[in-house]
Amino acid sequence: MRPAKKDILDMESLSVEDIQAVLDTAENLKEISTRPIKKVPTLRGKTIIHFFYEPSTRTRTSFEIAAKRLSADTVSISASTSSIAKGETLADTARNLEAMNPDAIVLRHRSAGASRMLARLIKGSVINAGDGMHAHPTQALLDMMTVREKIGRLAGLRIAIIGDIAHSRVARSNIVGFIKMGAKVVLAGPPTMIPMGIEALGPTVTYHVHEAIKDADVIMVLRIQKERQQAFVFPSEREYAQCYGLTVEKLAGAKEDVLILHPGPVNRGVEIAPEVAEGPYSVILDQVTNGVAVRMALFYLLLGSPR
C-alpha cells in the first residue's frame, strides 16, 4: 500500500488490493500479540499522536496498544484536556501538532470530513478513527478480517446489517468494504433508521429482520446511537427490542453456522439479547482482538514498510 497511500480516511479510497494487503499484513502481525513479550522494534523512533474528540474504549485502546507493540512513541490527547477547550480550532491545533513533526495522527472527531481536512494540513499520515456519521474504516477492516478468519473468504457471502443504519459510520464503511470485496449486503431496521438513497452504495434494504437474516452468513448488529439523534425515531426501546432486537427466537431462521458481529458498545437486551451476544456464534471479542492486529498493520504499511 505504501507509498501510494499517505492516509486512511475511508473505505472508498481503498482499492481491493489495498484491503487485501491490510488483511494479509494484519494476519501476519496478529501473532505478535500472543508472544510473552508483545513488542517488536519496527516503528522505533516514530511518533504517533492519538487525538480523540469523542469518548472511546475499544478503538482508542487498540490504536494505542497497536502503536506500542510496534515500539512507536505515542501521545494521547482528548478535546477536554487540549486547547480546543479554550476555543482553538482544529486547523490551528493541526498546525501546532505539525510543528512537532509527528509521523502519524489518529483522529476521532464528531464532524464528518475532519480527518480529510487534517490530512490536507499535515505532512504525516492521518488515520480516521471515526468522523461523525461518515466513516470508520478501521472498524470495517477489522470486521472483514474477522469474517475472513472464521469463514475463509469474503466474496459471495451474504452480510446482514441490522439496526440504526442512518446514524452509523460503521454501517457505511462496512457496506462499501464488503461489497468491494465481493459480498452481498442487506440492511434492516425501522424506516426511520434507514437513510434515503442508501441503496446507491450497493446494498438491498428491508424493514423486516427475518428477511435480512434468512440465508445470511454474517449478521452485524448495530446499537441505537442516541447521541447522534436530534429526536427519538422509534416509540420505545422495548418496542425496538421486540421488533428489531436479535434474539434466539429470531436466529431460528438463520444459518446454523451464522456469525454474529457487533462493533460495540453493546446495549444488552435492546439490539441484541445477552444469550446471543455470548452465544457460540458470537465473534464480538474476536473483533476486539483483530482490531489491534488491523491497526498494527496500518501503522506498519504507512510508516514502517520499505519504500
Side-chain angles (χ1 to χ4, degrees), residues 1-2 5 8 18-52 55-78 101-108 124-130 136-154 170 177 218 257 259-266 277-307:
M1 188 162 61
R2 195 184 183 199
K5 290 278 185 291
I8 303 295
D18 291 333
I19 294 171
Q20 195 72 45
V22 173
L23 300 185
D24 290 344
T25 304
E27 187 177 302
N28 291 330
L29 294 177
K30 184 176 178 179
E31 176 269 334
I32 294 172
S33 295
T34 66
R35 298 178 184 178
I37 299 177
K38 303 173 180 64
K39 182 169 284 195
V40 293
T42 308
L43 296 186
R44 182 179 296 160
K46 300 289 186 179
T47 301
I48 297 171
I49 296 175
H50 300 101
F51 198 175
F52 278 62
S56 174
T57 300
R58 281 156 297 277
T59 301
R60 182 170 189 160
T61 304
S62 66
F63 265 116
E64 292 179 355
I65 290 174
K68 290 179 184 298
R69 287 191 177 160
L70 295 174
S71 297
D73 297 317
T74 63
V75 178
S76 294
I77 305 172
S78 62
N101 285 323
D103 296 286
I105 296 178
V106 178
L107 178 69
R108 168 166 286 191
S125 294
V126 173
I127 300 178
N128 182 6
H136 197 347
T138 64
Q139 180 68 45
L141 288 165
L142 72 88
D143 291 339
M144 287 189 283
M145 178 183 178
T146 304
V147 172
R148 192 181 75 162
E149 184 179 71
K150 297 298 182 181
I151 299 178
R153 61 187 171 90
L154 297 176
V170 172
V218 176
D257 57 351
L259 295 183
I260 309 298
L261 281 73
H262 193 306
V266 176
E278 298 173 3
Y281 302 115
S282 171
V283 292
I284 295 173
L285 294 182
D286 295 273
Q287 291 173 267
V288 178
T289 299
N290 288 338
V292 175
V294 160
R295 285 146 184 154
M296 288 174 67
L298 291 174
F299 286 142
Y300 171 76
L301 291 168
L302 292 173
L303 306 179
S305 62
R307 290 187 180 275

(Q) Using side chain to side chain contact (heavy atoms under 4.5 Å, CB included), reason through T25 and Y300 one step at a time and then give a plain yes or no. (A) CA-CA 8 Å; T25 304; Y300 171 76; 3.8 Å; yes
Q) Looking at side-chain heavy atoms only, is the closest gap between V170 and D143 below 4.5 Å? A) yes
**Q.** Contact check, side chains of M296 and I32, non-hydrogen atoms, under 4.5 Å
**A.** yes
(Q) Please give me the minimum heavy-atom distance between S282 and A277, naming the atom from each residue. (A) OG-O, 2.7 Å
Q: Enter the distance from D257:CG to Y281:OH here, rounded to the nearest 0.5 Å.
A: 7.0 Å
Q) Got R60 and R108 here, is their nearest side-chain heavy-atom distance under 4.5 Å? A) no
Q.
Between Q287 and H262 (side chain of the first, backbone of the second, donor and acceptor by atom type, cut-off under 3.5 Å), is there such a pair?
A. yes
Q.
Pair E31, R35 - check salt bridge (charged side-chain N to carboxylate O under 4.0 Å, His left out), show working.
A. CA-CA 7 Å; E31 176 269 334; R35 298 178 184 178; 3.0 Å; yes
(Q) Assess the residue pair K30 and M145 against the criterion (side chain to side chain contact (heavy atoms under 4.5 Å, CB included)); give the C-alpha distance rounded to whole Å, side-chain angles, the decisive distance to 0.1 Å, and a yes or no. (A) CA-CA 11 Å; K30 184 176 178 179; M145 178 183 178; 3.9 Å; yes
**Q.** Nearest atoms (heavy-atom pairs only) where T61 meets T57
**A.** OG1-O, 2.7 Å
Q: Quick one: closest heavy-atom pair of P41 and S71, and the distance?
A: CA-OG, 3.6 Å
Q: Give the minimum heavy-atom separation between L261 and I284, together with the two atoms involved.
A: C-CG1, 4.4 Å
Q) How many angstroms lie between atom CD of E278 and atom CD1 of I260, to the nearest 0.5 angstrom? A) 13.5 Å
Q | Identified side-chain contact (heavy atoms from CB on, under 4.5 Å) partner of I8 from the options V22, L301, L302, D18 | A | L302
**Q.** Distance (rounded to the nearest 0.5 Å) between H50 NE2 and T59 OG1
**A.** 11.0 Å
Q | Distance-only donor-acceptor check, side chains D73 and T47, under 3.5 Å | A | no
Q.
Using the rule given for side chain to side chain contact (heavy atoms under 4.5 Å, CB included), can you reason through L303 versus S125, listing the C-alpha separation, both sets of side-chain angles and the distance that settles it, and then say yes or no?
A. CA-CA 8 Å; L303 306 179; S125 294; 4.0 Å; yes
Q: Nearest 0.5 Å please: distance from the OG1 atom of T74 over to the CD1 atom of I48.
A: 7.5 Å
Q. Is there a side-chain contact between I151 and L259 (heavy atoms, below 4.5 Å)?
A. yes
Q) Taking all non-hydrogen atoms of both residues, which atom of V283 and which atom of K150 are closest, and how far apart? A) CG1-CE, 3.9 Å
Q: Report the C-alpha distance between F51 and V106 in whole Å, list the side-chain angles of each, state the deciding distance to 0.1 Å, and finish with yes or no for side chain to side chain contact (heavy atoms under 4.5 Å, CB included).
A: CA-CA 6 Å; F51 198 175; V106 178; over 6 Å; no
Q: Would you name the heavy atoms of G45 and D103 that are closest together and state the gap between them?
A: O-OD2, 4.2 Å
Q: Could you label the plane-to-plane angle of the F63 and F52 rings as parallel, tilted or perpendicular, counting under 30° as parallel and over 60° as perpendicular?
A: perpendicular
Q) Less than 4.5 Å apart, any side-chain heavy atom of Q139 and any of L142? A) yes
**Q.** Rounded distance (nearest 0.5 Å) linking atom CD1 of I19 with atom CZ of R148
**A.** 11.0 Å
Q) To the nearest 0.5 Å, how far apart are CG in L70 and NZ in K38? A) 14.5 Å
Q.
Please identify which of these residues, I65, T138, L29, meets the side-chain contact (heavy atoms from CB on, under 4.5 Å) condition with R295.
A. T138
